[in-house]
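Just below is one structure, and these are the notes that go with it.
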Number of protein chains: 2
Amino acid sequence: MISLKQLHYALAVEKNLHFKKAAEACNVSQSALSTAITELEKQLGMTIFERNNKKVLVTDEGHVVLSKAKRVKLEVDELLQLASADQKPFSNTMTIGVIPTIGPYLLPKVLPEIRKIYPEFKLKIIEEQSHVLVDMVRNGDIDSAILALPFAIDGLMSFEFWQEDFYWVSHKDECSSQLQEITSEELEIEKLMLLKDGHCLKDHALAACSLQNKKQNSDFDSASLHTLIQMVAGKLGSTLVPQMALDQLIYTESELRAIHLNEPGPHRRIALIIRPNYVRTKEITLLKDIFHDELMKKCIV
Amino acid sequence: MISLKQLHYALAVEKNLHFKKAAEACNVSQSALSTAITELEKQLGMTIFERNNKKVLVTDEGHVVLSKAKRVKLEVDELLQLASADQKPFSNTMTIGVIPTIGPYLLPKVLPEIRKIYPEFKLKIIEEQSHVLVDMVRNGDIDSAILALPFAIDGLMSFEFWQEDFYWVSHKDECSSQLQEITSEELEIEKLMLLKDGHCLKDHALAACSLQNKKQNSDFDSASLHTLIQMVAGKLGSTLVPQMALDQLIYTESELRAIHLNEPGPHRRIALIIRPNYVRTKEITLLKDIFHDELMKKCIV
DNA sequence: CAATTTAATCAAATTTACCTATCGAAAAAT
DNA sequence: ATTTTTCGATAGGTAAATTTGATTAAATTG
């Protein structure tokens, strides 16, 4: 029967591509690690590491086995966590990823409440684009991620806690002041400025307008909503902003107007995603409820 | 560091609820197993088994940890499989579940081809309803399942290989012979006979007609499509049949007519589902392609 | 109350794991 | 061309762990 130790050692070798360094990283002698690897390879009936005395490299089959070994290790780690973090929720650190078009608008609304209810809870936030976060959740690098759906999250589970529409934001001087709603047909697409490719907000905004990525003003593809808003304030064009960002972006700029985009919605749905079999699901659903409640309280319409 | 052996022993105790029997099942002495369990509990800092000298029972936290241990074991088994079954696809037995409204119509069309291409391949088929199969895939009891979508498969991955519409099947005497198409509005819903609850075919058929489960003739909720067809032949009413079943059901009964149901479709999508991280994905996609090709060849329209 | 069953415990034997030291090959330095 | 360094494999000795078999204590059964 193979052992976890063997897998642990093998993963260390993969990381260092060096038996001595791997051994040090594992706090064992090089010889102990060396025999463990040899024994593992014998038991599996295959070669994981191609090694002459100067180079170590991973075989093709080795890569496959090692990636499975990572998964085993992940599951074991979760088992240990299960046993220790035992019962008491929010006693261990949790790392959650969030995309740039949600983080700055959602987190200020919800983090104070979380700190209030669970003062012991250590929450670490990272910010990346959706596809990066999805990979990280799959790998177990992070506990969960907050994304806007629709997005391809095959094999993951989602807990939706909010859905919202887009608002068309323009300069007061450049739109008739009576308008209460606007449809995509009434938008001057050529003047529309959106985030640069890779941000799901752009895809969702275009989808809400039933547009493919073709016509809007791509000279100004921007890196952040804040920049976009500054450009709108500078009368360079207009943009679309999700509801949860309105308060921060618009109401600090009295020159701007936000008008509801009247297209069938919701235009994006916000969800926490986790791996299936993830062990801290209970905490995630508690978070989900807090997120939902705080958004209901603090989002302007 | 905990070991796989400990987890293995613990799972044996869970299964037998008896240290001696568990020890025999593991081919070790009772004392060896006993100390291993004690050590595991010490390392995890919790009690897994509540045991006085006459009874063994699993604690609440124990259940949680043991279910995680099962998952670890599953992943390790897959790792071993990866190493051995290595390289040569279709050399190991594979178990696939299929629902009753697909199996009898799909398998005769595809199994001969599979036997021809991969004569060594041992494929075991089980037949259950969708929700059972989904659970079995999640648990790793079976390698994959063939289902009709839409169906709730959160956390699983799907490979769709076919989509099809329903056909309205009635007795020749009971419908005008010129009809080429029929819409749900033209259907006499009260005479419509469907499978009994629990079969996703019923849900898909009703969804195709934009109906909730309310009006159709539920006196005849049947257990199989073959029975339904016999009842249609007996002039007890009409029914809806998926395309892939037409050849077997209808063209052996010359008294019947099948007419395409003209509602926006496809009315159901057929897919292979697997757990994410499942190791034999390559074989599944090969199967998927065979399924698709054979259906294209052999399905009548 | 004796007989039986069961899990824990103990001591002894066995197996395994690990460390140090060494080797031999290959690469780098001189 | 020679020496030195680097690297992974290997051997031998020792410590640690595991396993076994016997024993114990508690609970159940007849």
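Quick note on labels: first sequence line is chain A, next is B, and so on, each numbered from 1.
One cannot find a donor-acceptor pair under 3.5 Å joining the base of dT10(D) and the side-chain atoms of Ser34(A).
Atom-to-atom, CG of Asn27(B) to P of dT20(D) comes out at 9 Å; the value is rounded to the nearest Å. Put simply, CD on Glu24(B) is 16 Å from C1' on dT19(D), counting in whole angstrom units. Gln43(B) places its CD atom 10 Å from the P atom of dA17(D), with the value rounded to the nearest Å. Taking atom NZ of residue Lys42(A) and atom P of nucleotide dA9(D), one finds them 15 Å apart after rounding to whole Å. In this structure, Glu50(B) atom CD and dA8(C) atom P are separated by 12 Å, rounded to whole Å.
Contacts of Ala32(A) with the nucleic acid, taken as non-hydrogen atoms under 4.0 Å apart, involve only primed sugar atoms and P, OP1 or OP2.
Under the 4.5 Å side-chain criterion, counting only non-hydrogen atoms from C-beta, Thr59(A) is not in contact with Phe49(A).
Of the residues near DNA chain D, Gln30(B) and Glu39(B), the one whose nearest nucleotide (by heavy atom distance) lies more toward the 5' end is Glu39(B).
Relative orientation of the Phe90(B) and Tyr118(B) rings is tilted, given thresholds of 30° and 60° on the angle between their planes.
Contacts between residues 4-21 of chain A and DNA chain C, defined by a heavy-atom separation below 4.0 Å, involve Lys5(A), Tyr9(A), listed by number.
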Start with the C-alpha gap between Gln6(A) and Gln43(A), add the side-chain angles, then the distance that decides, and say whether side-chain hydrogen bond (donor to acceptor under 3.5 Å, both in side chains) holds.
-> CA-CA 11 Å; Gln6(A) 290 170 319; Gln43(A) 286 169 323; 3.0 Å; yes

